[in-house]
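Reading through the structure tokens given below for one structure.
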Amino acid sequence: MPIAQNLNRRALLKMAGGLGAALLTGCDQLTQDQTVRRILGAANPVDQTVQRALGPNALAAEFDEADLSPKFRPNGSTDPDNAAYQAAAGQGFSDWRLNVTGLVGRPAQFSLADLRALPSRTQITRHDCVEGWSCIGKWSGTRLSALLEKTDLKPTARYIVFHCADALPSGDFSPPVPYYESIDLNDAWHEQTILAYEMNGQDLPVAHGAPLRLRVERQLGYKHAKYVMAIEAVESFANIGGGNGSYWADNGYSWYAGI
Ligand SMILES: Nc1nc2c(c(=O)[nH]1)N[C@H]1C(S)=C(S)[C@@H](COP(=O)(O)O)O[C@H]1N2
Ligand SMILES: [Mo]
């Protein structure tokens with residue numbers, strides 16, 4: 001191949017690469033860390049034991065208003081194809097209730113007003129998707145610890161499961177299965193673990209999980225369950241979904257996705 005043509009080809013490839021990266025990002029905020037991740041292709045979760053050894057109560061980095069991503073990319077489900085969910089959304093979630101079940105002394109239902117009346121936290125954090133992009137957003141919500149105290153978590157409980165309104169593919173000839181996630185009690189009691197009802201100072205938009213989504217800031221994006229309809233305290237995952245503790249874990253991803 002003549003040298004000139006070769007150079008053109010290289011210049012073109014470089015351009016195409018840049019374009020690809022821009023499309024993938026969907027956010028202006030790119031940290032050096034993320035650049036490294038993009039080069040590697042995807043984020044690799046940090047092992048749970050390694051992360052806990054660094055400090056079980058360590059906080060994820062928090063940012064300033066000036067750092068907020070002008071556009072926060074929605075990902076995965078963005079409008080659940082679920083009749084009950086759509087009906088609730090149509091009513092502005094006024095009749096919507098969060099169900100708390102399983103290994104709790106006081107199973108209960110919470111309206112959005114009930115959740116807003118419980119101790120809350122606001123945090124500006126970076127959301128890292130396993131696909132290799134990240135966005136910074138501001139989240140306000142009920143502290144999960146406050147909800148667990150109110151419902152009297154039983155000593156046999158080991159995990160908190162989040163059941164969602166949306167369903168995702170489960171294989172070529174099978175119907176979609178509900179999205180769900182879970183965390184252990186260390187993350188459940190963690191200071192920054194909240195059930196967010198607000199994003200960037202507004203009611204949580206449907207694309208980002210209205211009316212309620214989990215923020216579990218020391219883990220990758222897929223752990224942050226959107227459209228949370230029910231919370232269940234369990235001792236094991238044996239009888240839930242594929243038995244691995246989350247939709248993505250049932251599909252081969254790591255259950256613990258530390259960052
Ligand atoms: N219920 C539900 N939660 C979900 C998903 C989903 O498809 N359904 N996608 C996950 C993934 S992979 C990411 S990166 C984030 C995206 O959150 P966002 O739409 O607010 O950006 O939600 C996570 N939580
Ligand atoms: Mo993700």
Side-chain angles (χ1 to χ4, degrees), residues 23-30 34 37-38 40-46 60 68-82 84-86 88-89 93 96 98-99 123-141 144 160-170 176-183 187 193-232 240-241 245-259:
L23 287 175
L24 262 177
T25 307
C27 274
D28 301 338
Q29 296 287 348
L30 255 194
Q34 277 310 112
R37 278 190 180 151
R38 168 132 343 91
L40 292 174
N44 287 314
V46 178
L68 289 174
S69 298
K71 271 206 176 117
F72 197 109
R73 169 179 164 160
N75 203 40
S77 300
T78 51
D79 193 10
D81 180 13
N82 168 330
Y85 177 85
Q86 290 298 337
F93 299 106
W96 175 93
L98 173 73
N99 241 321
Q123 57 210 30
I124 300 178
T125 53
R126 196 184 71 209
H127 177 101
D128 293 344
C129 175
V130 72
E131 294 162 3
W133 55 268
S134 61
C135 295
I136 294 180
K138 177 174 162 181
W139 307 97
S140 301
L144 182 59
I160 307 300
V161 181
F162 304 87
H163 297 282
C164 307
D166 59 319
L168 288 183
S170 63
V177 293
Y179 196 99
Y180 73 104
E181 257 304 340
S182 62
I183 57 176
D187 271 323
T193 301
I194 61 172
L195 291 165
Y197 42 67
E198 273 181 25
M199 176 189 192
N200 296 339
Q202 311 277 327
D203 284 352
L204 189 62
V206 166
H208 295 285
L212 198 70
R213 66 107 43 100
L214 175 66
R215 295 300 309 171
V216 51
E217 306 291 357
R218 296 176 304 176
Q219 297 203 49
L220 287 173
Y222 60 86
K223 299 297 292 184
H224 300 235
K226 306 196 282 187
Y227 317 110
V228 175
M229 300 292 120
I231 289 179
E232 185 185 6
I240 302 166
S246 93
Y247 169 81
W248 284 114
D250 289 339
N251 284 281
Y253 281 75
S254 175
W255 173 76
Y256 192 81
I259 44 180

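When a ligand or atom number is given, it counts from 1 through the structure's own listing order.
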Atom 10 (C) of ligand 1 sits nearest the protein heavy atom Tyr179 OH, 3.4 Å
Need the ligand 1 atom indices (1-based, order shown) with element for anything under 4.0 Å from a heavy-atom of Cys129. 14 (S)
Asn75, portion touching ligand 1 at heavy-atom distance under 4.0 Å: both
Taking heavy atoms and a distance under 4.0 Å, where does Ala207 meet ligand 1: side chain, backbone, both or neither? backbone
Heavy-atom contacts with Gly76 under 4.0 Å: which atoms of ligand 1 show up? List them by number with element. 7 (O)
Under 4.0 Å from any heavy atom of Cys164, which atoms of ligand 1 are there? 1 (N)
Check ligand 1 against His208 and write out every atom of the ligand that is under 4.0 Å from a heavy-atom position of the residue. 18 (P), 19 (O), 20 (O), 21 (O)
Using heavy-atom distances, let me know which of Lys226, Arg213, Met199, Glu131 sits nearest atom 3 (N) of ligand 1. Lys226
Work out which heavy atom in Ser182 is nearest to a heavy atom in Trp255; give both atom names and the distance. OG-NE1, 2.8 Å
What part of Lys223 sits under 4.0 Å from ligand 1 if we count only heavy atoms: the side chain, the backbone, both or neither? neither
Could you establish whether Phe72 and ligand 1 come within less than 4.0 Å of each other, counting only heavy atoms on the residue side? yes
Heavy atoms only, cut-off 4.0 Å: how does Glu181 contact ligand 1, side chain, backbone, both, or neither? neither
Go through ligand 1 atom by atom and flag the ones less than 4.0 Å from a non-hydrogen atom of His224. 22 (O), 23 (C), 24 (N)
Minimum side-chain heavy-atom gap Asp187-Lys223 below 4.5 Å: no
Within ligand 1, which atoms have a heavy atom of Asp166 less than 4.0 Å away? 1 (N), 2 (C), 6 (C), 7 (O), 8 (N)
His224 vs Glu217 side-chain heavy atoms within contact, under 4.5 Å: yes
Rounded to the nearest 0.5 Å, what separation is found between the CD atom of Gln86 and the CG atom of Asp79? 4.5 Å
Indicate, as side chain, backbone, both or neither, the part of Ser77 found under 4.0 angstrom from ligand 1 when only non-hydrogen atoms are considered. both
Arg73 heavy atoms, cut-off 4.0 Å: which ligand 1 atoms fall inside? 18 (P), 21 (O)
Flag the pair Ile231 / Leu144 as yes when at least one side-chain heavy-atom distance between them is below 4.5 Å, and no otherwise. yes
Please state whether the rings of His208 and Trp139 are parallel, tilted or perpendicular, taking 30° and 60° as the class boundaries. perpendicular
Classify the ring geometry between Trp133 and His127 as parallel (under 30°), tilted (30 to 60°) or perpendicular (over 60°). parallel
Of the protein's non-hydrogen atoms, which lies at the shortest distance from atom 23 (C) of ligand 1, and what is that distance? Gly221 O, 3.3 Å
Knowing that exactly one of Trp96, Tyr179, Phe93 qualifies, which makes a ring pair (Phe, Tyr, Trp, His ring centres under 6.0 Å) with Tyr85? Phe93
Please determine whether a side-chain nitrogen of the Lys or Arg among Asp166 and Lys226 lies less than 4.0 Å from a carboxylate oxygen of the Asp or Glu. no
Test of understanding: given a 4.0 Å heavy-atom threshold, classify the contact between Leu168 and ligand 1 as side chain, backbone, both, or neither. side chain
Is any side-chain heavy atom of Pro211 closer than 4.5 Å to a side-chain heavy atom of Met229? yes
Ligand 1 contact on Tyr227 by region, counting heavy-atom pairs under 4.0 Å: side chain
Which heavy-atom pair separates Leu220 from Pro45 by the least distance, and what is that distance? CD1-CG, 3.9 Å
For atom 14 (S) of ligand 1, which protein heavy atom lies nearest, and how many Å away is it? His127 NE2, 3.2 Å
Looking at every heavy atom in both Val228 and Arg213, which two are closest together, and how far apart are they? CG2-CA, 4.2 Å
